[in-house]
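Keep in mind it's a predicted model, so treat the numbers as computed, not measured. Starting from 1, each residue takes its place in the sequence as its number. Numbering of ligands and ligand atoms starts at 1, following listing order.
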Amino acid sequence: MFSKILVANRGEIALRVIRACKEMGVRTVAIYSEPDENSPHVHLADESVCVGPAPSSQSYLNIPSIISAAEITDVDAIHPGYGFLAENAHFAEICESCQIKFIGPSAQSIRGMGDKMAARETVRKLGIPIVPGTQEAIKDKDDALKVAKKIKYPVIIKAAAGGGGRGMRVCHNEVRLVSALMTAQHEAEQAFGNSAVYIEKYIEKPKHIEIQLLADTHGNTTYLYERDCTIQRRHQKLIEEAPSPVVDWKLRKKMGEAAVKLARAVNYVNAGTIEFLLDEDGKFYFIEMNTRVQVEHGVTELITGIDIVKEQIRIAAGERLSIRKQDKIPLRGHAMECRINAEDPFNDFSPSPGKIEKFNLPGGPGVRVDSHAYAGYKVLPYYDSMIGKLMTFGRNRGEAISVMQRALEEFIIEPIKTTIPIHKEIMKNPIFRRGQMYTDFIQRTMGEWTQKGEIK
Ligand code: ADP
């Protein structure tokens, strides 16, 4: 096992990794940007190093500075968390060349799955269903029109290097497709440094279902069942739950086995997630693979009892998965997660940074909160707006929702605006309670409610 790990991240995920390390008896090094000097992850770690000023490009994405911090503190490994450098193949390579273990998959795996178009091709060859669409980058507008005509409107333009729900455009007709193509290519170049875009059939009324995987270096690959991340806003997840209210054991097995097949085919090692869309007929289609721990990993931990972050660390240290037999992986009860973001749901979810004066955490049976915030904490405008994840557990979905409702009532964060009010409203919604929602739920069902708030 490693004796010291550097955590190349901030916020709740840095805390999450440090906590896992402490329980495993591994020492930790936190990195921080200048304004994060007083963040809890800095205090919780055994050592800490400032890696630069506020902008991420100069601190949490500053590879030379992070590698120097790792060398000075003499760590054996780096855990990247999610976001920042977690899916940066170049960073993984540099770590390895400096004899520092990157707690994640190989650079080759990151590259192979990071290019969504290349990943689609790999998946297609394995006979796993992908959303109908192009196999190559769109050359020009005639090419785009030809593809769209073949797969039929609506279609969605996506960046090959895309992520975080950015750069996608839904097109219902030719006029829109032609105008969206140019802007999509330009935006992809600006955001990801790669202008390649591709076109997929836009699946109407889908559910987002993803499979959590674990794979070690001894050839063991297992799936920890599915998460349902259908509640999204602008293609970004807002609520996640496990198991999915619409997946039965037959489908679970089919999707889990497809995910394992893909992971094995690309020699995948680490925790990973295969994302699928599930259509109204119960057919599933691969959309992408995330080669890191995800924000929503906690709901899977609650239903399986498996600590995904500790598994990641053990895998990187060359150990075996703690449960290697698929049929021995527990699935008990139901877990739900609400992302608490510093955003104003009544004002188009605009960021609401600032100092938190009052902070009351929920507690009691069935509640887990992963957050780095506290009374007096300043939500900084430079980084992600997520200030915490509220997770609840119950024997069944109804119970997980009841616990969530009372936990949301207890959770007080003032005076900044947060997503707590919209979560309270969603928990009451009959469509959500019946589990009959699609990815357009917020837009379609909550639109009027968010408008009402604006008038208030
Ligand atoms: P990103 O990598 O930016 O997160 P994904 O490919 O994972 O993008 O897609 C994010 C979300 O966008 C999905 O969960 C879904 O809601 C929507 N989406 C993506 N592709 C399609 C599609 N072909 N049809 C309908 N919705 C889609």
Side-chain angles (χ1 to χ4, degrees), residues 82-83 86-88 110 112-124 128-135 138 144 147-148 150-172 176-177 180 184 187-188 190-192 194 196-212 226-241 244 246-247 255 259 262 272-281 283-296 339 384 386 437-446:
Y82 52 68
E87 285 171 300
N88 184 319
I110 300 176
M113 289 296 141
D115 182 327
K116 293 164 94 173
M117 237 161 29
R120 272 169 64 80
E121 185 56 16
T122 308
V123 173
R124 190 187 63 82
I128 298 166
I130 58 171
V131 183
T134 42
Q135 292 313 125
I138 293 295
V147 172
K150 194 167 154 218
I151 59 176
K152 295 193 179 71
Y153 292 92
V155 298
I156 183 167
I157 308 178
K158 291 176 150 187
R166 287 180 303 161
M168 283 184 285
R169 286 201 149 65
V170 183
C171 308
H172 288 268
R176 172 83 180 122
L177 180 66
E187 257 182 39
Q190 295 285 312
F192 313 110
N194 174 0
V197 299
Y198 63 104
I199 293 180
E200 266 180 16
K201 171 88 187 152
Y202 182 71
I203 311 272
E204 284 178 282
K205 296 196 171 178
K207 286 178 179 284
H208 175 115
I209 309 287
E210 58 187 35
I211 302 288
Q212 174 69 56
E226 80 282 0
R227 288 186 287 263
D228 189 321
C229 316
T230 299
I231 303 290
Q232 309 179 344
R233 189 187 156 266
R234 298 218 174 123
H235 310 303
Q236 285 190 38
K237 297 161 189 167
L238 200 58
I239 297 179
E240 300 96 344
E241 58 183 302
S244 164
V246 295
V247 174
M255 294 181 81
L262 170 57
T273 301
I274 317 271
E275 299 190 334
F276 297 99
L277 290 181
L278 183 69
D279 74 11
E280 280 191 291
D281 303 325
K283 286 207 255 357
F284 63 87
Y285 307 89
F286 167 88
I287 47 171
E288 69 161 342
M289 177 169 189
N290 287 316
T291 56
R292 54 170 162 83
V293 66
Q294 284 188 288
V295 172
E296 60 271 24
R339 294 195 190 191
D384 193 271
M386 197 178 75
M437 59 287 181
Y438 301 105
T439 53
D440 65 353
F441 174 86
I442 299 279
Q443 199 184 329
R444 189 180 285 261
T445 316
M446 304 302 292

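Listed for the D384 side chain is a donor-acceptor partner under 3.5 Å among the backbone atoms of M386. Looking at K116, its side chain never comes within 3.5 Å of a backbone N or O of A159 through a donor-acceptor pair. With hydrogens and angles ignored, the 3.5 Å screen pairs no side-chain donor or acceptor of R339 with any backbone N or O of E296.
Annotation: K116 places an N or O atom under 3.5 Å from an N or O atom of ligand 1; distance criterion only.
Taking only non-hydrogen atoms, the option from V131, D440, L277 nearest to atom 22 (C) of ligand 1 is L277. Residue H235 holds the heavy atom nearest to atom 12 (O) of ligand 1 of all those in M289, E288, E210, H235. For atom 24 (N) of ligand 1, the nearest non-hydrogen atom from the set I203, V170, I287 belongs to I203.
For the atom pair CG (D279) and CD1 (I203), the distance works out to 6.0 Å, reported to the nearest 0.5 Å. Distance check: F276 CZ to E226 CD gives 11.5 Å after rounding to the nearest 0.5 Å.
Listed by number with element, the atoms of ligand 1 under 4.0 angstrom from any heavy atom of Q232 are 11 (C), 13 (C), 14 (O), 15 (C), 16 (O). Counting the atoms of ligand 1 from 1 in the order shown, those under 4.0 Å from a heavy atom of E275 are 7 (O). Listed by number with element, the atoms of ligand 1 under 4.0 angstrom from any heavy atom of R166 are 3 (O). For ligand 1, the atoms closer than 4.0 angstrom to any heavy atom of K158 are 6 (O), 19 (C), 20 (N). Near H208, with a cut-off below 4.0 Å to any heavy atom, the atoms of ligand 1 are 13 (C), 14 (O).
For atom 4 (O) of ligand 1, the nearest non-hydrogen atom of the protein is G165 N, 3.3 Å. Among all non-hydrogen protein atoms, the one lying nearest atom 26 (N) of ligand 1 is Y202 CE1, 3.5 Å. Ranking protein heavy atoms by distance to atom 10 (C) of ligand 1, first place goes to M168 CE, 3.8 Å.
For the pair I287/K158, a side-chain contact is recorded, criterion being any heavy-atom separation below 4.5 Å from C-beta on.
The two residues E240 and C229 have their closest heavy-atom pair at CG-SG, 3.6 Å.
In summary, of the residues considered (R292, E210, R227), a side chain to side chain donor-acceptor pair (under 3.5 Å) with T273 occurs for R227 alone.
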